[in-house]
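Values reported hereafter were calculated over all heavy atoms of this structure, with side chains retained and with hydrogens, waters and symmetry mates removed. Proteins come first, then strands; the chains are lettered A, B, ... in the order of their sequence lines, and each starts at number 1.
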Amino acid sequence: MLKLVEFELKKIFARRSAQLALAAVLLLSVLLGVSGYLNMYAFDGKSQEGRGGEAVRIDKEVAAHYAGWLTDEKVQQMLADMQLQGDLHGLNPVYLYHNAIQSALFVRFVDLDAGWNGQTVAGVFGAEPIKIGYILGWLTSSQNLVKALVALALAIIIMLVPVFAGEYEGVNNLILTSRRGPQAGCLAKIIAALLAAVGVTLLTLAVNLGLALALYGTEGLDCSILFAPAEFSENYIPCNISCAQLLAYQILLALGSAGSVGGLGLLFSALCRSQLAAFGAAVAVYLLPVVLPVAESSALFRLVVLLPLYQAQFVALMSVGQLSGGLLYAALAMPVALASFVAGAMLAWRIFVNQQVC
Amino acid sequence: MELQTIDLYKEYAGGRKMAVNGVNLRLHKGVYGLLGANGAGKSTLMRLLTNLLRPSRGQILLDGQNIKGLGADYRRLLGYLPQNFAYYPDFTAREFLLYVAALKGLNAAAAQKQAGQLLAAVGLSEQARRRQRIKSFSGGMKQRLGIAQALLGNPQILLFDEPTAGLDPTERVRFRQLLKVLAADCIVLLSTHIISDVALSAPEIILLENGRVVRSGRQAELMTEIGAANLEQVYLYYCQGGASDNVKIG
Ligand SMILES: Nc1ncnc2c1ncn2[C@@H]1O[C@H](COP(=O)(O)OP(=O)(O)OP(=O)(O)O)[C@@H](O)[C@H]1O
Ligand SMILES: [Mg+2]
């Protein structure tokens, strides 16, 4: 069995299309990570201003000043420290960006004249304590990872489409007439497909998170994602979890995505005799939720959001809210992903073994 | 061991095309040449015998048991070379044989040993030693690899669909010699429309036309029966739609 799995892995990774797809995902990860870093901007409101690494340093310096639990006193102190000097010329101060902390503060605690809007910490965030610090680096990395994981899903489909469809070119004759082909041979295909999908997912996670760690360090991992700059306030996850928890969910959902996309890829691989058709069909089904007219407020959305696409595009899924015991609704995607893989793989197996070779 | 087909039919296009049309055969150890024109139904019959294709009617029995129910016990006995032998272009010949050996359930040591022996038997040892990828093989070399993979695991029922396609004269002779060795222990069914291939290596002949067996029997007897000088004349006699009118014999 081990030998068969080894052969199937070799077949998957020997294909130029698989190698190119994986290389493209890794390159995209690095490009997004590096450009995100280089595009960072920060101004401390006084004398220091910079981009890239300098911006990260300034942002961290400002954040260090206020790091810890967010209190009403701290909000007042920040408002005083970050008082604007000149006139805004009609600009809504929410859109003013000096640095990550200032932006996070202005989005929630200032009025149109950049004065205090009267909100309290409890009024904005509820009763739970909010730990603040420098989180922009990790949030940006997490957003980049979303893009990389969607690309990875397409790459996984490219990699797995030949698993069964490739055999229709003729080797199915040998597989299906051999003693162990229809059983162990096909099971080896499924195991290899899962290993390949999970393997490249782990690699993509390692590259993305490794790069983020190198660029931003471990700072902010224990801080809440809620006190975030403007770009992460609207339409972002409304739960009081730390950056580390956010990443843990993202890693878990990425692995779930590997499984559910793997199941999808295998199913169409067995269903379509042509690899191109299998790829087209699998991608269409994967991207289908984008065009589904389901509003976020509707009850159906809670189901739609469990589809494979939202395991990579995880913000919507994470925003649904909590189950009991502090567990987010997103955790439900894991059993769904597992079931998708098993269903896809078993159906593919049946279709392949019961085919009529004409 | 007896492989038997009983009233075997395979229809295509919703019954408009009878590719195999009521075939009754009994095959025992030895080499059988399945002769027929293009489209006569040779490949379809082979695929039915491998169980890759389900018959529309009729049954295939191995020692009295329907092969449908035998599953792996039947596949264990099979060696099959499809007409269009397919392979993985980036594999070497040895890797491909080891893959098929794993599918056939051979253990690692037996797989290595048999792969080496078969590569030598079909004259591909040199390509294997150089780790040449199959995609760089000539047509005949690929066909020889196809023959080798069919022989892995010492199968007792060998189904070769056009095995000599693309083989040069030396390789044809080599293949014929291989068949002689196999004939003692196996049922070998050899489909072709190249008469000289079977004339020299298949004592038993099955003539197929439009999905029907028009005549079968020992080569020598078939020839004596109609006073033919060679198998070609037998073929033309039976397989050209009443060809006796336009073919002079003897
Ligand atoms: N999948 C299919 N659908 C419809 N008709 C088919 C199919 N496969 C084969 N046929 C028809 O069945 C008949 C027998 O085909 P088969 O391939 O068995 O012939 P053959 O004797 O092997 O021919 P050749 O010598 O050219 O290989 C042909 O008329 C062919 O057109
Ligand atoms: Mg044929």
Side-chain angles (χ1 to χ4, degrees), chain A residues 1-20 159-192 196 269-270 273-275 349-358, chain B residues 10 12-13 17 19 43-44 46-56 67 70-92 95-108 111-112 133 142 145-146 149-150 152-153 155 157 159 161:
Chain A
M1 186 63 180
L2 214 62
K3 197 77 202 158
L4 282 170
V5 174
E6 216 178 282
F7 274 119
E8 295 302 334
L9 283 172
K10 181 183 154 72
K11 280 194 254 171
I12 291 173
F13 287 106
R15 287 189 187 252
R16 187 58 55 87
S17 54
Q19 294 166 356
L20 286 176
M159 285 168 59
L160 298 193
V161 147
V163 167
F164 288 108
E167 311 295 15
Y168 290 128
E169 287 159 22
V171 186
N172 55 350
N173 280 293
L174 308 185
I175 296 172
L176 296 175
T177 55
S178 64
R179 177 159 80 88
R180 302 179 74 221
Q183 275 87 40
C186 289
L187 184 60
K189 283 181 175 299
I190 291 168
I191 294 173
S269 167
R273 302 239 156 181
S274 122
Q275 295 186 39
W349 190 345
R350 269 188 77 97
I351 293 167
F352 186 73
V353 167
N354 290 324
Q355 67 178 284
Q356 294 280 293
V357 182
C358 297
Chain B
K10 180 65 199 179
Y12 285 121
K17 173 81 212 173
S43 298
T44 307
M46 290 254 172
R47 283 195 286 263
L48 289 168
L49 289 171
T50 57
N51 211 10
L52 279 170
L53 200 58
R54 276 185 289 276
S56 308
I67 60 166
L70 289 175
D73 286 334
Y74 180 63
R75 294 196 301 274
R76 188 171 55 84
L77 305 171
L78 276 186
Y80 175 46
L81 171 69
Q83 180 167 2
N84 297 310
F85 168 64
Y87 50 88
Y88 303 125
D90 288 315
F91 275 39
T92 65
E95 277 169 345
F96 191 78
L97 288 187
L98 292 178
Y99 174 63
V100 177
L103 285 174
K104 291 190 177 190
L106 270 66
N107 66 38
Q112 283 289 353
R133 288 174 196 234
K142 286 173 192 157
L145 179 63
Q149 65 77 27
L152 278 166
I157 300 171
L159 304 168
D161 199 349

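- Using modelled atom types and a 3.5 Å distance limit, the side chains of Y99(B) and K11(A) yield a donor-acceptor pair.
- Atom CG in L174(A) sits 11.5 Å away from atom CG in L78(B) (nearest 0.5 Å).
- Among the candidates R179(A), E8(A), E6(A), the residue making the largest number of heavy-atom pairs closer than 4.5 Å to chain B is R179(A).
- You'll find the side chain of T177(A) stays beyond 4.5 Å of the side chain of N51(B), heavy atoms only.
- For a residue to count as touching a neighbouring chain, one of its non-hydrogen atoms must lie under 4.5 Å from one of that chain's; by this rule Y87(B) touches chain A with the backbone only.
- Between the R75(B) side chain and the S178(A) main chain, a donor and an acceptor come within less than 3.5 Å of each other.
- With values rounded to the nearest 0.5 angstrom, R54(B) atom CZ is found 4.0 Å from Q356(A) atom CD.
- Side-chain contact between K10(A) and E95(B) is present, with at least one heavy-atom pair separated by less than 4.5 Å.
- Looking at heavy atoms from C-beta onward, P82(B) lies out of side-chain contact with V357(A) at the 4.5 angstrom threshold.
- To the nearest 0.5 Å, atoms CG (N173(A)) and CD (Q149(B)) are separated by 9.5 Å.
- No donor-acceptor pair under 3.5 Å is formed between the side chain of E169(A) and the backbone N or O of A86(B).
- Between V171(A) and F85(B) the shortest side-chain heavy-atom distance does not fall below 4.5 Å.
- Expressed to the nearest 0.5 Å, how far CG of L106(B) lies from NZ of K3(A) amounts to 13.0 Å.
- Other residues, nucleotides and ligands contribute more than 12 heavy atoms inside 6.0 Å of the CZ atom of R273(A).
- Contacts of L98(B) with chain A are made by both backbone and side-chain atoms, with heavy-atom separations under 4.5 Å.
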